[in-house]
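Here it is, the structure in full.
Start at 1 and go down the list; that is how both ligands and their atoms are numbered.
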Amino acid sequence: MSVAKKQYKRITVKSLVEMKANGEKISMLTAYDYTMAKIVDAAGVDVILVGDSASNVMAGHETTLPITLNEMIYHASSVVRAVERSLVVVDLPFGTYQGNSKNALDSAIRIMKESGGHAVKLEGGSEISESVSRILTAGIPVMGHLGLTPQSIYKFGTYTVRAKEEEEAKKLIEDAKLLEQLGCFALVLEKVPAKLAEQVANSISIPVIGIGAGGGVDGQVLVTHDMLGMTHEFNPRFLRRYLDLFSEMTGAFKQYVTDVKSRDFPNEKEQY
Ligand SMILES: Nc1nc(=O)c2c([nH]1)NC[C@@H]1CN(c3ccc(C(=O)N[C@@H](CCC(=O)O)C(=O)O)cc3)CN21
Ligand SMILES: CC(C)C(=O)C(=O)O
Ligand SMILES: [Mg+2]
């Protein structure tokens with residue numbers, strides 16, 4: 001029999017493509033755990049990315065390279081349990097899809113089966129086209145990721161803006177068209193000139209979601225801990241901080257220490 005209807009209509013990969021066609025911008029933020037995902041979902045964010053930035057933000061690694069498939073599945077399954085409306089996209093971590101399309105398919109299937117996520121994201125263009133295609137054969141939606149691709153940091157050496165030179169810009173446009181042709185439902189463009197990003201968005205019909213890629217694209221993504229001001233040392237130009245939670249939380253923790261030391265906490269009402 002019919003269960004009470006959910007209040008929200010779920011976001012699907014189709015809704016995102018429609019949003020682009022209708023000129024509605026797409027909002028995307030990261031989450032790595034149940035409690036944060038509940039809040040992000042309740043706020044009406046369209047897409048929740050279980051990013052491999054969890055390697056930095058959750059585990060304290062210097063790069064995204066060390067995080068494992070099992071760790072990504074743990075984060076993603078926690079997020080999926082919280083979400084009612086948002087589309088949940090999960091990063092395939094470094095070493096689980098490059099250079100071997102069977103390995104890529106196995107990794108994507110494990111994510112879908114063990115976490116309940118709705119789609120996977122892979123970094124790269126023509127180099128990983130076989131992996132993208134093979135994952136798509138299983139009916140798993142794929143989001144691309146071009147421009148600054150942090151899993152390749154040791155190839156480039158820096159996190160500077162990408163595709164400033166003609167040759168790299170040309171490859172980026174070709175890669176974006178290739179990913180669309182292969183069947184990706186959307187694309188992240190990270191830290192590239194705004195003009196180039198807008199050009200990419202205008203030359204394909206799948207949504208382009210930017211981070212440090214200007215306002216001419218079809219949506220925006222940020223790392224939630226960055227936009228909340230929790231990651232104090234991370235200060236790229238593209239980041240807008242909506243709260244200064246590092247200061248707010250430090251203040252609360254200091255007050256707690258003071259209250260414990262002074263015996264103010266717990267009071268009469270806060271005990272049995
Ligand atoms: N907390 C966090 N936020 C992110 O956006 C993020 C991660 N972690 N980890 C994975 C990747 C790495 N990303 C990055 C990393 C560095 C810059 C960056 O602009 N870094 C320097 C400039 C470096 C340079 O120009 O050489 C900066 O201005 O902070 C941008 C995105 C985006 N992702
Ligand atoms: C920055 C976004 C796009 C990402 O890939 C991540 O958070 O891992
Ligand atoms: Mg990532």
E62 side chain to N56 main-chain N or O, any donor-acceptor pair under 3.5 Å?
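Looks like no, no N/O pair under 3.5 Å.
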Reference residue I11; test side-chain contact (heavy atoms from CB on, under 4.5 Å); the match among L87, V88, I26
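That would be L87; it is the only one of L87, V88, I26 passing the side-chain contact (heavy atoms from CB on, under 4.5 Å) with I11.
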Please work out whether the ring planes of Y32 and H75 are parallel, tilted or perpendicular, with thresholds of 30° and 60°.
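Y32 and H75: perpendicular rings.
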Test side chain to side chain contact (heavy atoms under 4.5 Å, CB included) on L49 and V90 and set out the steps.
CA-CA 6 Å; L49 174 66; V90 185; over 6 Å; no
With sequence neighbours excluded, tell me which residues meet side-chain hydrogen bond (donor to acceptor under 3.5 Å, both in side chains) with K191.
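Per chain and number, K191 pairs via side-chain hydrogen bond (donor to acceptor under 3.5 Å, both in side chains) with no residue.
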Suppose the cut-off is 2.8 Å; which protein N/O/S atoms would you list for the Mg ion (ligand 3)?
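You should have found D52 OD1, D91 OD2.
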Salt bridge check: are D106 and R110 linked by an N-O gap of less than 4.0 Å?
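R110 and D106: not salt-bridged.
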Answer yes or no: is there an ion pair linking K121 with D91, defined by an N-O contact shorter than 4.0 Å?
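Salt bridge flag = yes for D91 with K121.
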Side chains of E123 and Q98 only: does a donor on one sit below 3.5 Å from an acceptor on the other?
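No, Q98 and E123 have no side-chain donor paired with an acceptor closer than 3.5 Å.
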Under the criterion side-chain contact (heavy atoms from CB on, under 4.5 Å), which of T12, L136, V89 is the partner of F185?
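Checked T12, L136, V89 against F185; only one passes side-chain contact (heavy atoms from CB on, under 4.5 Å): V89.
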Does the side chain of Q151 come under 3.5 Å of the side chain of Y97 through a donor N or O and an acceptor N or O?
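The criterion, which ignores hydrogens and geometry beyond distance, is satisfied for Y97 and Q151.
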Using a threshold of 4.0 angstrom between heavy atoms of the protein and any atom of ligand 2, which residues qualify?
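Under the 4.0 Å cut-off, ligand 2 touches T30, L49, G51, D52, S53, D91, K121, H145, V188, I211, V223.
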So M143 and C184, do their side chains get closer than 4.5 Å, heavy atoms only?
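No. Closest side-chain heavy atoms not under 4.5 Å.
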Could you list each nitrogen or oxygen of ligand 1 that sits under 3.5 Å from a protein nitrogen or oxygen, with the atom names and the distance?
unit_1   : atom_1 : unit_2 : atom_2 : d
ligand 1 : 1 (N)  : D226   : OD1    : 3.0
ligand 1 : 1 (N)  : D226   : OD2    : 3.3
ligand 1 : 3 (N)  : D226   : OD2    : 2.6
ligand 1 : 9 (N)  : N56    : OD1    : 2.9
ligand 1 : 13 (N) : E190   : OE2    : 3.3
ligand 1 : 19 (O) : K191   : NZ     : 2.5

Between N22 and E18: side-chain donor-acceptor atoms closer than 3.5 Å
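Distance-only check fails for N22 and E18.
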Check: R134/N103 side-chain N/O donor and acceptor closer than 3.5 Å
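There is no such pair between these side chains.
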